[in-house]
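See below for the structure under consideration.
Order of the sequence lines sets the chain letters (A, B, ...), proteins ahead of strands, with each chain counted from 1.
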Number of protein chains: 4
Amino acid sequence: MSKPSCCPITRWRRRKEVRPAEILDAALALFVERGFKSTKMEDIAKAAGVTKGTPYLYFENKEDIFKAVLRENLVTRLASFAELEQQYEGSSADLLRLMMRRWWLEVGESPLAGICKLMFAEATNFPELARFYHHEVIEPSHNMLLRVLQRGVARGEFRDINPHAVVDTLVAPMMLTMTWRCSFGKVITDSQHRSMPPLQYLELSLDLMLGGLMTGRQPQQ
Amino acid sequence: MSKPSCCPITRWRRRKEVRPAEILDAALALFVERGFKSTKMEDIAKAAGVTKGTPYLYFENKEDIFKAVLRENLVTRLASFAELEQQYEGSSADLLRLMMRRWWLEVGESPLAGICKLMFAEATNFPELARFYHHEVIEPSHNMLLRVLQRGVARGEFRDINPHAVVDTLVAPMMLTMTWRCSFGKVITDSQHRSMPPLQYLELSLDLMLGGLMTGRQPQQ
Amino acid sequence: MSKPSCCPITRWRRRKEVRPAEILDAALALFVERGFKSTKMEDIAKAAGVTKGTPYLYFENKEDIFKAVLRENLVTRLASFAELEQQYEGSSADLLRLMMRRWWLEVGESPLAGICKLMFAEATNFPELARFYHHEVIEPSHNMLLRVLQRGVARGEFRDINPHAVVDTLVAPMMLTMTWRCSFGKVITDSQHRSMPPLQYLELSLDLMLGGLMTGRQPQQ
Amino acid sequence: MSKPSCCPITRWRRRKEVRPAEILDAALALFVERGFKSTKMEDIAKAAGVTKGTPYLYFENKEDIFKAVLRENLVTRLASFAELEQQYEGSSADLLRLMMRRWWLEVGESPLAGICKLMFAEATNFPELARFYHHEVIEPSHNMLLRVLQRGVARGEFRDINPHAVVDTLVAPMMLTMTWRCSFGKVITDSQHRSMPPLQYLELSLDLMLGGLMTGRQPQQ
DNA sequence: GATGAATGAGGGTTCATTCAT
DNA sequence: GATGAATGAACCCTCATTCAT
């Protein structure tokens with residue numbers, strides 16, 4: 001009924017290879033929007049342009065799709081950051097700013113941002129996956145920032161405060177922004193930072209924290 | 001395993017007054033742990049010490065329980081803060097520290113903390129409730145902090161930065177901590193701030209941000 | 001709270017005796033309106049002015065109430081007809097007219113009329129009851145009319161046609177009217193006989209049939 | 001006991017086209033036998049040779065099946081009668097006899113006859129459907145008979161009595177027979193007209209009424 | 001006797017999954 | 001490979017019935 005636009009054979013061949021990715025993309029979007037349980041297999045299929053049975057040709061079951069969604073959407077992202085981390089020569093504060101900005105542009109504004117909310121929501125239902133995600137994404141990211149922090153301390157740029165806690169603090173506005181935009185942000189019109197663009201908010205936020213982190217002054221109180 | 005403490009012969013006892021609260025408490029815990037959809041009515045009932053049908057004596061259906069959980073667990077908490085806000089005479093930074101500490105002790109460590117995660121997870125599935133929660137809890141809290149900020153600015157304690165963004169930043173570690181502890185925190189052993197106690201983390205975190213907020217320092221760069 | 005109007009003791013005593021009847025009246029009305037299965041015990045209780053548990057003090061269960069409703073509402077009615085049948089001296093046609101009129105006034109316009117619809121609806125669900133009702137009500141009534149018919153034939157008033165079939169024919173408009181008024185009649189405004197009063201319709205109808213029954217005419221064709 | 005005739009290995013076969021009709025047939029039979037509320041979806045499914053979930057592939061819910069049962073089983077039947085009505089040249093009494101006989105053979109002896117009882121039983125529970133059925137079936141049938149009656153009067157065959165009431169009378173034995181056979185008839189062995197065949201009873205019954213209707217004599221009294 | 005809180009079997013409906021086509 | 005009809009376990013909710021008060 002629907003006419004394939006061009007080169008049917010090539011197209012079919014290609015289709016076979018992209019199908020799983022299309023399904024996972026559809027699944028990610030729906031899982032983020034509705035959560036794992038509330039997402040119906042048929043909706044995933046429909047969103048991927050196939051019918052009910054097709055996802056089962058590529059995945060064992062719904063949980064398997066969930067796993068694959070996470071597996072497919074986390075790898076490789078951190079590599080480029082590692083490179084940046086090792087090559088950057090400027091101030092550590094600027095390195096943090098740079099990383100934050102890149103993270104936002106590459107992740108925060110992409111569909112991947114939703115994984116953050118998704119994992120918060122499903123962590124207790126899928127402990128194994130949560131551990132996996134933690135081990136593969138959170139921990140490495142955390143450690144990377146930890147190293148930047150230590151670099152700053154070593155270079156006399158940053159004060160020497162509990163670094164784990166500082167990383168968690170630095171990261172909080174970002175994670176919350178990503179989470180917020182997939183939840184309240186979808187249903188509340190005039191909200192969050194009163195319409196300041198996210199990136200600008202994140203920069204302001206980072207500056208605020210750097211203000212307390214950088215040396216050149218005594219801790220307030 | 002656990003049994004009602006007395007009268008093992010008695011199949012049940014009339015507890016009309018306490019049942020709804022018990023049911024809502026059980027429901028809150030389960031909704032937070034598993035999400036709305038994955039929580040079975042029968043589990044709520046069991047957790048409340050009753051059988052399948054009993055919750056329906058007090059609530060129309062599962063969604064009604066969800067609404068009631070939110071309704072019952074948000075009111076009245078903000079009143080005492082308002083009082084504090086109006087009577088406090090010390091520095092605005094200290095007022096923020098005080099508020100943060102009290103919020104943590106009264107909310108962050110109570111079962112209410114879970115609502116934060118719950119709402120993130122369910123906001124898009126229950127837009128009306130999300131708006132309700134936003135209007136009743138988030139907005140008022142935000143505005144309260146806004147006033148403290150403005151007080152600080154007016155008294156020359158704080159720099160005059162976009163106040164909405166600052167509030168969101170100040171609040172981020174707290175919200176994330178509450179969210180984290182109901183999600184990854186449940187399944188990952190050695191995690192978060194590397195076992196620094198939450199309250200201590202939050203204080204450190206607040207100090208960091210106050211470091212960038214308070215006057216008497218130049219904006220870094 | 002509600003003040004008993006008079007003589008509380010007497011009233012209570014009397015109550016105890018009328019309760020079952022009140023419950024059965026309420027049950028009859030509801031069974032007729034909604035059918036057995038769709039009628040809730042609590043609605044019966046409410047309609048009888050008592051609470052959920054009370055009917056169980058007087059009846060074993062819902063089916064028992066159903067049985068009692070039928071048992072209580074059929075006896076004794078036929079006695080007065082039997083008397084009429086034996087004493088009447090006029091024409092058999094007039095006797096039929098008289099009986100029909102009395103049946104309508106005493107049964108057709110009373111709540112008992114509903115039993116007709118009720119039994120049609122529930123006969124297959126309660127075969128035992130249907131047989132009981134048939135044996136106690138339908139059969140005797142049928143036989144009574146049969147005797148009147150035979151009296152008419154014996155007296156040369158009526159032609160000698162298959163008497164069972166004639167009785168069934170004579171009775172059809174009555175039964176259908178009773179059934180109709182408890183079903184379509186409740187939901188359709190302008191209907192049935194185009195608002196001719198039921199009794200008038202029944203008389204016309206009977207006359208029509210008597211026209212074919214009485215002697216003095218040739219069989220048409 | 002009965003099994004699909006072939007391929008016992010096959011769990012099921014695709015029968016998209018026939019399923020809805022099979023389900024509706026099964027539903028009609030069960031609704032007639034037990035009433036709407038007492039009929040379980042699973043029984044309908046089983047009677048249609050499928051499992052619980054299958055009916056929901058074709059119908060929204062039980063009430064939807066009820067509606068469809070009625071919708072599917074009323075149309076088109078009246079058309080052939082209309083034709084008869086317009087072409088018939090013989091006496092009006094014979095036309096009535098003809099119609100009655102055909103109605104009985106085509107409807108009265110088919111499963112459709114049960115709809116009569118079904119509607120009596122459920123009219124008050126489904127007022128909308130009752131009105132629909134009245135408007136689509138009862139009213140047109142009534143009007144058709146009305147026209148035959150008026151034809152008879154115009155041709156001097158019938159006396160001019162209130163025609164609505166006469167139609168209702170003419171129709172009563174038929175409707176009652178259909179109703180009876182789905183109710184008491186199922187549970188009482190030796191009953192109704194004492195085993196005279198229904199069609200014969202209906203003819204006798206019609207002749208009786210025609211006897212009173214046809215001209216050639218004064219109204220009895 | 002009367003109440004009404006509580007029970008729990010039962011039935012409507014959903015949807016992940018299977019598999020004949 | 002792809003489809004989508006069919007399955008059936010699972011879950012929400014109802015309501016007849018019980019029984020502590």
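For the atom pair Thr54(B) OG1 and Arg15(B) CZ, the distance stands at 11.5 Å (nearest 0.5 Å). The line from CD of Glu72(B) to CG of Leu24(B) is 6.0 Å long, rounded to the nearest 0.5 Å.
Checked by atom type and distance alone, the side chain of Lys37(D) never pairs as donor or acceptor with a backbone atom of Arg34(C) at under 3.5 Å. A distance-only check finds no donor-acceptor pair linking the side chain of Lys52(B) to the backbone of Ala45(B) [under 3.5 Å].
Judged by closest nucleotide on DNA chain E, Phe36(D) is the one of Lys40(A) and Phe36(D) placed further toward the 5' end. Comparing Glu42(D) and Gly49(B) along DNA chain E, the residue whose closest nucleotide (by nearest heavy atom) sits nearer the 5' end is Gly49(B). Nearest-nucleotide assignment on DNA chain F puts the 5′-proximal partner with Thr51(A), out of Thr51(A) and Glu60(B).
For Tyr58(B) and dA5(E), the shortest distance from a side-chain N or O to OP1 or OP2 is not below 4.0 Å. Proximity of Thr54(A) to the phosphate of dT3(F): a side-chain N or O atom is located under 4.0 Å from OP1 or OP2. Under 4.0 angstrom from either OP1 or OP2 of dA2(E) there lies at least one side-chain N or O belonging to Arg19(C).
Residue contacts for Phe59(D): at a heavy-atom cut-off of 4.0 Å it reaches no nucleic acid atom on any strand shown. Heavy atoms of Thr39(B) sit under 4.0 angstrom from primed sugar atoms or phosphate atoms, though from no base atom.
The distance between atom CG of Leu30(C) and atom P of dC15(F), rounded to the nearest whole Å, is 14 Å. In this structure, CG of Asp43(D) is placed 8 Å from P of dG12(E), rounded to the nearest angstrom. Rounded to a whole Å, the CE atom of Met41(C) is 19 Å from the P atom of dT14(F). Here dA6(E) presents its P atom at 16 Å from OH of Tyr56(B), a figure rounded to the nearest Å. Atoms CD (Glu63(C)) and C1' (dT17(F)) sit 14 Å apart, rounded to a whole Å. Lys52(A) places its NZ atom 12 Å from the P atom of dT7(F), with the value rounded to the nearest Å. As rounded to whole Å, 15 Å separates atom P of dT7(F) from atom CD1 of Ile44(D). We find that CG of Asn61(B) is positioned 15 Å from C1' of dG12(E), with the value rounded to whole Å.
Between Phe31(D) and Phe36(D), the ring-plane angle classifies as tilted under the 30° and 60° cut-offs.
Asp64(D) pairs by the salt bridge (charged side-chain N to carboxylate O under 4.0 Å, His left out) definition with nothing, not counting sequence neighbours. With sequence neighbours excluded, no residue forms a salt bridge (charged side-chain N to carboxylate O under 4.0 Å, His left out) with Glu33(C).
Listed by first residue number, the stems of DNA chain F with at least three Watson-Crick or G-U pairs below 3.5 Å are E:2-21 with F:2-21.
Checked against dA6(F), dT3(F), dC15(E), the side chain of Leu57(A) finds its nearest nucleotide in dT3(F). Side-chain proximity of Lys62(A) to dA16(E), dG8(E), dA6(F): nearest is dA16(E).
Taking the six-membered ring for Trp and the full ring otherwise, the centers of Phe120(B) and Phe120(A) sit at least 6.0 Å from each other.
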